[in-house]
**Q** 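Quick one: the structure is below, and I'll ask about it shortly.
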Amino acid sequence: MPKTGTLPDKAKVAVFISGTGTNMAALLYASHHADCPYEIVIVLSNDPQANGLALAQAEGIATFALPHKGMERAAHDAAMEAKVTAAGADYIALAGYMRILSDEFVNRWEGRMLNIHPSLLPKYKGLHTHKRALEAGDSHGGVSVHLVTSELDAGTVLGQTKVAIMPQDTPDTLAIRVRLAEHQLYPQVLADYVSRGSNPEFLLEQVRSRAMRMAEVVERPSHGAPGWRTGGKNGRYFAYFSDQHHGEDAIALLVKTSGADEQASLIESDPETFYSPAFYGASGWVGIVLNRGELDWQQVDHWLQRSWQMVAPKRLTKLLDAAAEF
Ligand code: GRF
């Protein structure tokens, strides 16, 4: 079996700023801890005068500035993106970047671009968030880190911190405390997000939602591991989730193969991905390592489906068999 489900070293992050860059600084200093799973490889700005650029330079980080004035949005985005790509970044963290990005750019980075917004989303998208929270008489302001989608401040929220509003607060005083919360939240959320691929809870949730999409599936633990079966009362298992069970290193999905020959050839062709799991291996099951850098969820879907098909009753597989004949 594979020695370990190793992930690539540190995730490489590009940070986009337009102003003071205090969130960029918080991300940067957090990244200097040995166990931080990301590193900042470049800081970019649409404003060459942005204070944060000078700070990044002083800290030895590569920078790039390109004023957007007079440039088409798509051309400006493309020039920024070229630098991001050349720096080898896997993720983009927007930190006070005051430009709307083109849909094409956002779509290319979907799931790999985060933003920090000074409100408790979905409240107060856009600008003047503190003023709006005060005027509404809210008990709390706060901050959200979210994935960036083409709709402004509307992507999945990954983390939030509430900040109590005090009686004498003005937008400026509230902003100062929210900023403190921002500096705590962003590095933590970014670290969790880039390491989600080795987080058993995240991986289990992904496997579970995929397994449950198939017909007549119920989840039932087996020897302490989550498992999924199909076919009603006398149903049979088609998948198990193994979180370093039986002293194994991998977090893995166990599925059925057609037998020992297929199992052996899978392991031989890709020993980083496939292994023979303890106990189940003897009956032709194969382990698919999930906590590895280049995990292909389509491959996981494929194996889940195939394994389901092997154990599901005829009345459920009939349609699929018919489709396969075409
Ligand atoms: C922060 O309030 C952030 O939430 C918002 O823009 C501001 C950036 O501040 N998106 P800084 O440049 O990080 O100091």
Side-chain angles (χ1 to χ4, degrees), residues 13-32 38 40-59 61 63-68 77 80 91-101 105-106 109 112-135 138 140-165 169-193:
V13 179
V15 185
F16 281 33
I17 62 171
S18 295
T20 53
T22 64
N23 277 286
M24 179 277 296
L27 291 173
L28 176 62
Y29 293 128
S31 77
H32 289 168
Y38 69 82
I40 293 182
V41 290
I42 185 167
V43 174
L44 304 97
S45 181
N46 58 327
D47 176 2
Q49 304 309 321
N51 287 337
L53 281 180
L55 169 64
Q57 277 158 16
E59 294 291 354
I61 304 291
T63 59
F64 175 69
L66 181 65
H68 58 268
D77 288 352
M80 301 285 272
Y91 293 91
I92 294 176
L94 304 180
Y97 188 60
M98 302 304 283
R99 290 271 300 159
I100 304 274
L101 296 160
F105 179 77
V106 171
W109 285 84
R112 296 182 296 147
M113 180 152 59
L114 286 67
N115 182 41
I116 185 156
H117 182 75
S119 79
L120 296 171
L121 290 171
K123 276 188 162 177
Y124 314 131
K125 296 173 181 170
L127 297 174
H128 310 300
T129 55
H130 307 305
K131 182 164 179 281
R132 288 154 73 195
L134 289 169
E135 281 172 3
D138 291 353
H140 288 79
V143 53
S144 307
V145 174
H146 64 96
L147 290 175
V148 177
T149 57
S150 48
E151 197 185 330
L152 184 71
D153 299 329
T156 304
V157 171
L158 301 173
Q160 290 186 315
T161 305
K162 284 168 86 176
V163 173
I165 291 179
D169 264 335
T170 64
D172 287 346
T173 60
L174 178 56
I176 290 171
R177 288 200 312 291
V178 169
R179 199 64 63 93
L180 290 174
E182 292 185 19
H183 297 165
Q184 306 292 317
L185 183 70
Y186 209 176
Q188 184 65 55
V189 171
L190 180 60
D192 287 349
Y193 190 70

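One-based numbering, in listed order, for ligands and for the atoms of each. Keep in mind it's a predicted model, so treat the numbers as computed, not measured. These numbers come from the heavy atoms of this one structure, side chains and all, not from hydrogens, waters or symmetry mates.
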**Q** Suppose we measure from atom 8 (C) of ligand 1 to each protein heavy atom; which comes out shortest, and what is that distance?
**A**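 It is G96 CA, 3.6 Å.
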
**Q** When you measure from the heavy atoms of I17 to every atom of ligand 1, does any distance fall below 4.0 Å?
**A**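 I17 does not count as a contact of ligand 1 under the 4.0 Å cut-off.
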
**Q** Does the side chain of S18 come under 3.5 Å of the side chain of N46 through a donor N or O and an acceptor N or O?
**A** yes

**Q** Please indicate whether any nitrogen or oxygen in A95 is less than 3.5 Å from any nitrogen or oxygen in ligand 1.
**A**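 N/O-N/O distance under 3.5 Å: no.
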
**Q** Fit a plane to each ring of Y29 and H32, take the angle between them on a 0 to 90° scale, and name the class: parallel (under 30°), tilted (30 to 60°) or perpendicular (over 60°).
**A** perpendicular

**Q** Could you identify the single nearest non-hydrogen protein atom to atom 3 (C) of ligand 1 and state the distance to 0.1 Å?
**A**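 That would be E182 OE1, 3.3 Å.
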
**Q** Polar-atom distance check: N115 versus ligand 1, any N or O pair below 3.5 Å?
**A**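 No; every N/O pair is 3.5 Å or more apart.
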
**Q** Using the side chain to side chain contact (heavy atoms under 4.5 Å, CB included) criterion, which residues pair with H183? Sequence neighbours excluded.
**A** T22, N23, A26, R179

**Q** Identify the closest protein heavy atom to atom 9 (O) of ligand 1: which residue and atom is it, and at what distance?
**A**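 For atom 9 (O) of ligand 1, the nearest protein heavy atom is R179 NH1, 3.2 Å.
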
**Q** Looking at K131, I want to see if its NZ is surrounded by more than 12 non-hydrogen atoms of other residues, nucleotides or ligands under 6.0 Å.
**A**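 Result for NZ/K131: open.
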
**Q** Please examine the side chains of L101 and L94, heavy atoms only from C-beta on, and report whether any two atoms are closer than 4.5 Å.
**A**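 L94 vs L101: side chains touch.
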
**Q** Just jot down the ligand 1 atoms closer than 4.0 angstrom to any heavy atom of T22, in number order.
**A**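 In order of numbering, the contacting atoms are 11 (P), 12 (O), 13 (O), 14 (O).
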
**Q** Return the closest protein heavy atom for atom 10 (N) of ligand 1 as residue, atom name and distance.
**A**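 I find the closest protein heavy atom is I116 O, 2.9 Å.
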
**Q** Please report which non-hydrogen protein atom sits nearest to atom 12 (O) of ligand 1, along with the residue it belongs to and the distance in Å to one decimal place.
**A**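 Among all protein heavy atoms, the one nearest atom 12 (O) of ligand 1 is G21 N, 2.8 Å.
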
**Q** Side-chain contact, heavy-atom cut-off 4.5 Å: F64 with I42?
**A** yes

**Q** D153: what forms a salt bridge (charged side-chain N to carboxylate O under 4.0 Å, His left out) with it, not counting sequence neighbours?
**A** none

